[in-house]
Trainee: 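To start, I am sharing the structure in question, which I have written as C-alpha cells.
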Amino acid sequence: MEITKKYETVDYEVKGNVAIVTMDRPKQINSINKQITIDVKAALDEADKNKEVHAVILTGAGNNFSAGVDLKEVFDMPSPIGEEPSEVWRDHLEDMLTVSLKMWNLRMPVIAAVDGYALGGAADWVLSADVAIASDKVTFGEPEIRFGAAPPTLMMPWVLGMRKAKELLYTGDSVDAEEGHRIGVFNRVVPQEDLMEESLAMAEKMAKIPPSALKITKTTINKIYEMMNIRESLDYNLEAAISMFFLNTEREVSDVGQAIKTEGLKKFLQEANKDFE
C-alpha cells in the first residue's frame with residue numbers, strides 16, 4: 001500500500017504498514033509555526049484512522065528535524081481584540097502540547113527520526129515520541145531559558161530523570177547525538193545517510209507485532225506514567241510558561257523579536273548562545 005499526501009507544511013506517506021510524517025519547511029529549519037502544528041496533528045490523525053498503519057515515523061526535511069518554535073511568527077502574531085499577548089502565546093503552547101499528547105495517545109508507536117537541529121519545542125516532540133533514532137549530526141537541546149522562556153511541554157524530566165534534566169534546563173545547553181544517546185534521549189545513533197533506512201526498519205519490525213498487542217502495551221506503559229501525574233505536570237508547565245511571559249518586559253520581548261526579524265533565526269541563535277560558550 002502506497003499513499004502520499006501533501007499538507008501545507010507536512011508530507012504524509014504510507015509505506016506498507018508504516019506512515020511517515022515529514023515536516024517540510026526546510027528554509028525555516030522546519031521551525032514550528034501554527035500551520036505545522038495543525039498539519040502534523042492532521043497527519044497523525046490520518047494515520048490513526050488507517051487500520052493498515054501500525055507504526056508512524058515523525059521526521060523533518062532538509063537534514064533537520066526542527067529548530068523549534070517559529071519565533072519570528074510568534075513575535076509577528078497580532079493580539080486579537082480583547083486578548084492579552086500572553087493569551088496568544090497560550091494558544092501557541094496549547095497547540096504544541098496537543099501534538100505531544102496526540103503522539104502519546106496514538107494507538108501505535110511513534111518513532112522520531114532526528115537529524116540536524118532538534119531544539120526547544122521540537123526537542124519536546126522528540127521526547128514525546130515512543131522511540132527516537134538520531135543521526136550522527138544531531139544537535140539537541142532546550143535553549144529557551146536563555147531567552148527567558150520555558151519549555152513548551154517539559155517532557156524532559158520524565159524521559160531523562162531529574163538530575164540531567166535540571167542541568168540541561170537550567171543552562172540551556174545542547175548535546176550531540178552520542179551524548180543524547182548516553183543520557184537516554186535517543187535509543188540509537190546511526191550515520192546520517194542511514195537515518196531513514198534504520199528508522200523504517202525499526203518501524204517495520206514494530207508493525208509486525210499484532211496491532212492489539214502494541215496498543216495495549218503502549219496504553220499500559222503510558223497509564224503507569226499517568227498514575228504518576230504526568231498529565232497534571234504537563235498542564236502545570238503550560239501555566240508556568242505563560243507566567244514566565246510576564247517576567248519579560250515589553251521592551252525585552254520586542255528586542256528579541258526585532259533581532260530575529262533582522263538577523264534570521266539561525267544567526268540569532270548563534271549570537272544569543274555566545275555568552276554561554
Side-chain angles (χ1 to χ4, degrees), residues 23 25 28-33 36-37 60 63-75 89 92-93 95-97 99-100 112 114-129 132 134-135 137-186 234 237-238 240-245 247-249 252-277:
M23 294 178 283
R25 300 182 75 217
Q28 295 80 27
I29 325 176
N30 301 321
S31 56
I32 300 170
N33 62 0
I36 271 194
T37 63
N63 293 327
N64 282 293
F65 187 77
S66 168
V69 174
D70 187 336
L71 297 174
K72 184 177 185 301
E73 181 191 72
V74 168
F75 288 112
W89 183 233
H92 189 78
L93 295 180
D95 287 342
M96 296 199 65
L97 179 57
V99 173
S100 287
V114 187
D115 197 6
Y117 285 119
L119 301 175
D124 279 331
W125 283 3
V126 171
L127 295 168
S128 298
S135 88
K137 305 297 183 184
V138 160
T139 298
F140 173 93
E142 300 261 19
E144 296 94 333
I145 196 168
R146 296 181 177 182
F147 320 126
T153 61
L154 199 61
M155 288 292 294
M156 192 180 287
W158 294 93
V159 178
L160 303 190
M162 182 175 68
R163 293 289 191 197
K164 197 63 185 181
K166 282 186 173 181
E167 177 188 336
L168 294 180
L169 293 175
Y170 289 178
T171 63
D173 282 349
S174 297
V175 298
D176 62 16
E178 291 296 339
E179 177 67 2
H181 178 243
R182 188 187 72 80
I183 64 179
V185 176
F186 303 115
L234 297 180
N237 179 71
L238 178 66
I242 297 301
S243 298
M244 197 175 290
F245 183 94
L247 296 179
N248 296 300
T249 67
E252 287 171 334
V253 171
S254 177
D255 287 347
V256 171
Q258 187 58 49
I260 292 168
K261 293 174 188 177
T262 302
E263 302 169 8
L265 177 59
K266 192 170 184 177
K267 180 72 178 299
F268 168 75
L269 290 172
Q270 291 171 344
E271 293 296 323
N273 288 329
K274 280 185 177 179
D275 290 341
F276 297 91
E277 293 176 351

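Keep in mind that this is a model prediction, so the values were computed, not measured.
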Trainee: Decide yes or no for Leu168 and Val175: does some side-chain heavy atom of the first lie under 4.5 Å from some side-chain heavy atom of the second?
Mentor: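 Side chain of Leu168 against side chain of Val175, heavy atoms only: contact under 4.5 Å found.
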
Trainee: Can you name the closest pair of heavy atoms from Gly184 and Val159 and give their distance?
Mentor: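 That would be O-CG1, 3.7 Å.
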
Trainee: Taking all non-hydrogen atoms of both residues, which atom of Pro143 and which atom of Gly120 are closest, and how far apart?
Mentor: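 So the minimum-distance heavy-atom pair works out to CD-N, 3.7 Å.
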
Trainee: Determine whether Leu160 and Val185 make a side-chain contact, defined as any pair of heavy atoms from C-beta on separated by less than 4.5 Å.
Mentor: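 Result yes, sub-4.5 Å side-chain heavy-atom pair found.
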
Trainee: Identify, with sequence neighbours excluded, every residue that meets side chain to side chain contact (heavy atoms under 4.5 Å, CB included) alongside Glu167.
Mentor: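 With neighbours one apart ignored, the set is Lys164.
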
Trainee: Show your working on side-chain contact (heavy atoms from CB on, under 4.5 Å) between Phe65 and Val126 and close with a plain yes or no.
Mentor: CA-CA 9 Å; Phe65 187 77; Val126 171; 3.6 Å; yes

Trainee: Is there side-chain contact between Val69 and Ser31, with heavy atoms separated by less than 4.5 Å?
Mentor: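 No; the side chains remain at least 4.5 Å from each other.
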
Trainee: With the side chain counted from C-beta on, respond yes when Val114 and Phe186 share a heavy-atom pair under 4.5 Å apart, and no when they do not.
Mentor: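 Yes, their side chains come closer than 4.5 Å.
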
Trainee: Should Leu97 and Leu234 be marked as a side-chain contact (heavy atoms from CB on, under 4.5 Å) after you check the CA-CA gap, both sets of side-chain angles, and the distance that decides it?
Mentor: CA-CA 8 Å; Leu97 179 57; Leu234 297 180; 4.2 Å; yes

Trainee: Tell me, do Leu119 and Phe140 make a side-chain contact under 4.5 Å, heavy atoms counted?
Mentor: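 The answer is no; the side chains never approach within 4.5 Å.
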
Trainee: Show the nearest heavy-atom pair for residues Ala123 and Gly141, with the distance to one decimal.
Mentor: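 Smallest interatomic distance, heavy atoms only, reads CB-O, 3.6 Å.
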
Trainee: Of all residues at least two apart in sequence or in a different chain, which pass the side chain to side chain contact (heavy atoms under 4.5 Å, CB included) check with Asp124?
Mentor: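 Counting only residues at least two positions away or on another chain, Asp124 forms a side chain to side chain contact (heavy atoms under 4.5 Å, CB included) with Leu127, Glu142, Pro151, Pro152, Thr153, Met155.
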
Trainee: Give the minimum heavy-atom separation between Ala177 and Ser135, together with the two atoms involved.
Mentor: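 Looks like CB-O, 3.1 Å.
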
Trainee: Got Met23 and Ser66 here, is their nearest side-chain heavy-atom distance under 4.5 Å?
Mentor: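 Answer yes - side chains close enough.
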
Trainee: Run the salt-bridge test on Arg146 and Asp173 with the 4.0 Å N-O cut-off and return the result as yes or no.
Mentor: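 Answer for the salt bridge query: yes.
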
Trainee: Counting C-beta onward and ignoring hydrogens, is there a side-chain heavy-atom pair between Leu169 and Leu154 closer than 4.5 Å?
Mentor: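 A side-chain contact under 4.5 Å exists here.
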
Trainee: Stepwise, does the side-chain contact (heavy atoms from CB on, under 4.5 Å) test hold for Met96 with Ile32?
Mentor: CA-CA 9 Å; Met96 296 199 65; Ile32 300 170; 3.6 Å; yes

Trainee: I'd like to know if Arg25 and Asp70 make a salt bridge, using a cut-off of under 4.0 Å between side-chain N and carboxylate O.
Mentor: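 Judged by the 4.0 Å cut-off on N to carboxylate O distance, Arg25 and Asp70 do form a salt bridge.
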
Trainee: Would you mind reporting whether Asp176 and Glu179 have side-chain heavy atoms less than 4.5 Å apart?
Mentor: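 In contact.
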
Trainee: Nearest 0.5 Å, please: how far is CG in Asn63 from CD1 in Ile29?
Mentor: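 Taking CD1 in Ile29 and CG in Asn63, the distance rounds to 12.5 Å.
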
